[in-house]
Amino acid sequence: MRAAPTILHLDMDAFFAAAEQAAKPSLRGKPVIVGGLGPRGVVATASYEARRFGVHSAMPMAQARRLAPNAAYLVPRFSLYRAVSEQVMELLRGLSPLVEPLSLDEAFVDLEAGGSAHDAVGARAAGEQLRRDIHAVTGLTGSVGLAGSKMLAKIASEEAKPDGLVLIEPGTERELLGPKSVRILPGVGPATGEHLRRAGMTTVADLAAAGEDELVRLLGRAHGESLYRMAMGYDDRPVVAERDAKSVSVEDTFDVDLHDRVRVRMEVERLAERCVQRLRGAGRSGRTVVLKVRRYDFSTLTRSETLRGPTDDPVVVREAAARLLEAVDTTGGVRLLGVGVTGLADYTQEDLFAQAAAEAAERAVGERDAVERAGAAGAGVPAAHSGAGGTGSGESGAVGGPGVPVGPPEVDGRARPGGSAGAPPRQGDGVAAPPAGESGGRPEAAPPDLRDHAGPRPGGGLGGAGGADDGVVAAEIGLGDHGGPGVQAASSAGEGRVGPAGGRPVSTAGEAGEAGGTAGRAGAGPDSARMAGGEARRWSAGEDVRHARYGAGWVQGSGLGRVTVRFEEPGSAPGRVRTFWADDPELEPSDPLPLVPGQSSWPASLPKSRSVEGGGGSARP
DNA sequence: TCTGGGGTCCTAGTACGA
DNA sequence: TCTGTCGTACTAGGACCC
Ligand SMILES: [Mg+2]
């Protein structure tokens with residue numbers, strides 16, 4: 001706790017939703033909800049307009065729809081948020097080199113370390129200037145908290161929301177915090193809050209009065225101590241600029257529970273591959289592989305296996321995950337699967353082998369021996385276990401080399417438990433692939449003059465009466481999923497890489513829903529050119545596109561082989577809607593545009609938006 | 001139509017070697 | 001050398017955050 005309120009906490013207001021509103025002028029002032037659009041999605045961010053309906057983060061999407069049926073529902077676009085975040089962080093680094101990002105939209109800044117403020121007056125001025133700069137560069141608003149400690153700065157920014165600044169003058173924290181709920185303290189969630197309530201403590205003052213011993217007795221050592229300190233206003237954690245990630249993980253919740261073991265195995269393999277992709281993308285390797293399974297009843301378990309050394313080999317991770325899976329009972333169904341890697345390092349044991357081998361080769365020793373001995377010696381390899389000499393030194397023979405588990409599994413690196421790992425990814429759960437081609441209910445081409453589908457709207461909004469045509473509601477229709485039979489034909493072509501049954505969830509529940517949802521639009525055919533025989537691509541609600549003649553816009557809805565685009569962009573007036581065939585050659589995906597036109601700080605090339613988000617709209621698990 | 005995905009940190013039990 | 005103790009790894013689960 002320093003004497004001057006020079007620790008700043010920035011928190012962007014309703015970040016994802018606000019970014020979408022800035023990118024899509026027709027959504028400004030309207031309730032916008034960003035989150036998963038599948039049947040098991042939850043709300044990531046609700047705009048303030050949507051919050052008035054009672055919608056908030058982490059709420060199941062289904063519930064949000066009941067509360068705000070006419071809101072715009074959009075899938076998150078992390079490439080956009082990352083780009084905006086980078087602009088904001090750059091502004092923060094202008095204030096001080098000591099910037100500690102907590103997430104895409106939050107960070108601490110040590111103003112004193114940057115020399116940009118040394119007292120309350122200077123801190124407030126810097127904070128207000130920062131808010132103006134953020135708005136000028138990104139078009140978005142952020143809230144600022146200033147205090148003498150991290151905790152208080154964070155509480156202050158919370159109080160400042162939205163679009164405000166709050167400064168807590170050192171010395172006033174006890175009286176300010178005292179009457180407030182324990183829930184305002186970072187680290188006090190529902191469980192701890194309830195725990196404390198049962199013990200008769202509801203306010204921060206109650207915690208301070210209870211004393212450290214009592215809190216430790218109640219909540220355990222670390223939590224109790226830290227809570228007591230916070231309640232007293234003690235907090236001297238420094239702002240630290242850079243922190244390496246400690247784990248990398250990937251998980252998927254399936255639209256429908258998985259029952260087929262073969263399918264479960266296949267999904268675990270795919271998750272392992274994706275996990276390693278990300279691991280390698282970050283230039284890291286890891287030593288402990290973790291499998292996560294959430295069952296039909298939401299009970300969750302993890303199983304982990306620690307290897308002899310860090311790896312970034314997809315085969316090693318995949319096989320470890322597969323072994324872990326074999327020990328899990330999945331009868332009843334699986335709702336979620338995840339694969340993660342922890343114990344990260346910047347090198348792999350394979351690296352060390354190679355390096356040692358090279359050195360050994362120089363000494364002109366027989367190659368194989370050299371490799372094996374080097375591997376065992378493993379200069380700098382994380383100890384096999386606690387004891388220095390212990391299990392380690394004798395085991396040069398461990399056949400699998402890197403990736404052989406430390407513990408019990410008597411693996412020789414070749415035998416595959418259950419003989420299943422190598423099984424070909426047979427078709428999944430019996431969703432027969434429909435015949436490809438131009439069959440079925442797909443509407444035939446109409447004259448290629450484009451009709452205005454929705455017509456200009458007063459005020460340009462999607463206000464409308466919210467009829468079947470309410471574009472935003474339509475935005476989710478067919479999104480990344482099979483629709484009626486006709487659409488299914490088209491979509492299966494688009495997923496060819498996955499194989500016959502595609503990456504779709506089991507069963508037919510989704511189909512029924514989708515078919516019903518799209519039925520109303522079946523008659524309205526879009527009029528535009530179509531590609532000769534190409535695969536119909538999939539369009540995600542909210543993604544940016546560019547049309548050869550109509551310019552920039554975003555996908556408002558898609559389904560039945562058609563895609564509805566609203567033509568507008570960050571600087572523009574609210575735009576109008578047009579509908580095209582999904583395979584219209586004049587329509588192509590594009591990267592997000594800067595929210596304020598002409599910003600030099602906008603990343604020249606954005607991280608691949610398509611692979612990150614869409615990835616598998618269709619394969620959405 | 002109930003409950004995401006990416007993380008962090010902590011606790012507790014067990015095993016093991018010194 | 002035996003035994004109790006201690007530190008460290010490993011594993012599993014849970015709370016919390018955005
Ligand atoms: Mg925020």
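Letters go in sequence order (proteins before strands), and every chain restarts at 1.
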Need one value for [X]: base, sugar-phosphate or nothing, where a base atom within 4.0 Å counts as base even if backbone is also close, heavy atoms only.
X: Arg66(A); result: base
X: Leu102(A); result: nothing
X: Val248(A); result: sugar-phosphate
X: Gln63(A); result: nothing
X: Ala58(A); result: base
X: Gly36(A); result: nothing
X: Thr45(A); result: nothing
X: Leu104(A); result: nothing

Can you confirm whether Arg237(A) is buried at CZ, in the sense that more than 12 heavy atoms of other residues, nucleotides or ligands lie under 6.0 Å from that atom? yes

When you check the side-chain N and O atoms of Tyr48(A) and Gln21(A), is any donor under 3.5 Å from an acceptor?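 The answer is no; no qualifying pair exists.
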
For Ser157(A) and Ser143(A), test the side chains for any donor-to-acceptor distance below 3.5 angstrom and give the result as yes or no.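 No.
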
For [N], does either OP1 or OP2 sit under 4.0 Å from a side-chain N or O belonging to [X]?
X: Arg308(A); N: dC10(C); value: no
X: Ser57(A); N: dC18(C); value: no
X: Ser247(A); N: dT8(B); value: yes
X: Arg303(A); N: dG13(C); value: yes
X: Thr306(A); N: dT11(C); value: yes
X: Arg335(A); N: dT3(B); value: yes
X: Lys246(A); N: dG7(B); value: no
X: Arg221(A); N: dC10(B); value: no
X: Thr302(A); N: dG13(C); value: yes
X: Thr288(A); N: dC10(C); value: no
X: Arg243(A); N: dG7(B); value: no
X: Ser249(A); N: dG7(B); value: yes

Considering only NZ, NE, NH1 and NH2 on the basic side and carboxylate oxygens on the acidic side, decide whether Arg274(A) and Glu269(A) come within less than 4.0 Å. no

Output yes when Arg284(A) and Asp312(A) qualify as a salt bridge under the 4.0 Å nitrogen-oxygen rule, no when they do not. no

For DNA chain B, what residues of residues 150-162 of chain A have any heavy atom nearer than 4.0 Å? none

Between [options], which nucleotide gets closest to the side-chain atoms of [X]?
X: Thr192(A); options: dT3(B), dC16(C), dT1(B); value: dC16(C)
X: Arg287(A); options: dA12(C), dT11(B), dC10(C); value: dC10(C)
X: Arg65(A); options: dA12(C), dG5(B), dT1(B); value: dT1(B)
X: Glu106(A); options: dC18(C), dT11(C), dC16(C); value: dC18(C)
X: Arg278(A); options: dG13(C), dG6(B), dC18(C); value: dG6(B)
X: Arg40(A); options: dT3(B), dT8(B), dC16(C); value: dT3(B)

Expressed in whole Å, how much space separates the P atoms belonging to dG4(B) and dA15(C)?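 Their P atoms lie roughly 16 Å apart.
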
Can you check the distance between dC16(B) and dG4(C), where both ends of the measurement are the C1' atom (answer in whole Å)? 15 Å

Nearest-Å distance for atom pair [atom1]/[atom2], residues [X] and [N]:
X: Asp257(A); N: dT3(B); atom1: CG; atom2: C1'; value: 13 Å
X: Leu67(A); N: dT1(B); atom1: CG; atom2: C1'; value: 13 Å
X: Leu291(A); N: dT11(C); atom1: CG; atom2: C1'; value: 14 Å
X: Leu215(A); N: dT11(B); atom1: CG; atom2: P; value: 14 Å
X: Leu307(A); N: dC10(C); atom1: CG; atom2: C1'; value: 13 Å
X: Arg77(A); N: dG5(B); atom1: CZ; atom2: P; value: 20 Å
X: Asp255(A); N: dC2(B); atom1: CG; atom2: C1'; value: 14 Å
X: Glu242(A); N: dT8(B); atom1: CD; atom2: P; value: 13 Å

Using the ring centroid of each side chain, check whether Phe78(A) and Phe16(A) are separated by less than 6.0 Å.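 Aromatic pair counts; centres sit under 6.0 Å.
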
Do Thr311(A) and Arg287(A) make a side-chain contact, defined as non-hydrogen atoms from C-beta onward lying under 4.5 Å apart? no

List the residues meeting side chain to side chain donor-acceptor pair (under 3.5 Å) with Glu106(A), not counting sequence neighbours, and say none if there are none. His9(A), Lys154(A)

Would you call Phe298(A) stacked on dC2(B), i.e. ring centres under 5.5 Å apart with the planes less than 30° off parallel?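 According to the criterion (under 5.5 Å, under 30°), no, Phe298(A) does not stack.
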
How many angstroms lie between atom SG of Cys275(A) and atom CZ of Arg270(A), to the nearest 0.5 angstrom? 15.0 Å

Would you mind writing out the side-chain donor-acceptor pairs for residues 190-198 of chain A within the sub-3.5 Å range, not counting sequence neighbours?
from: Glu194(A); atom 1: OE1; to: Arg197(A); atom 2: NE; distance (Å): 3.1
from: Glu194(A); atom 1: OE2; to: Arg197(A); atom 2: NH2; distance (Å): 2.8
from: Glu194(A); atom 1: OE2; to: Arg198(A); atom 2: NH1; distance (Å): 3.4
from: His195(A); atom 1: NE2; to: Leu218(A); atom 2: O; distance (Å): 3.4

Relative to the 5' end of DNA chain B, which residue comes earlier, Ala62(A) or His223(A), by the nucleotide with the nearest heavy atom?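 Counting from the 5' end, the first nearest nucleotide belongs to Ala62(A).
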
Starting at the 5' end of DNA chain B, which residue's closest nucleotide do you reach first, Leu219(A) or Tyr296(A)?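 The answer here is Tyr296(A).
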
Does NZ or CZ of Arg294(A) come closer than 6.0 Å to the centre of the six-membered ring of Phe298(A), within 45° of the ring's axis? yes

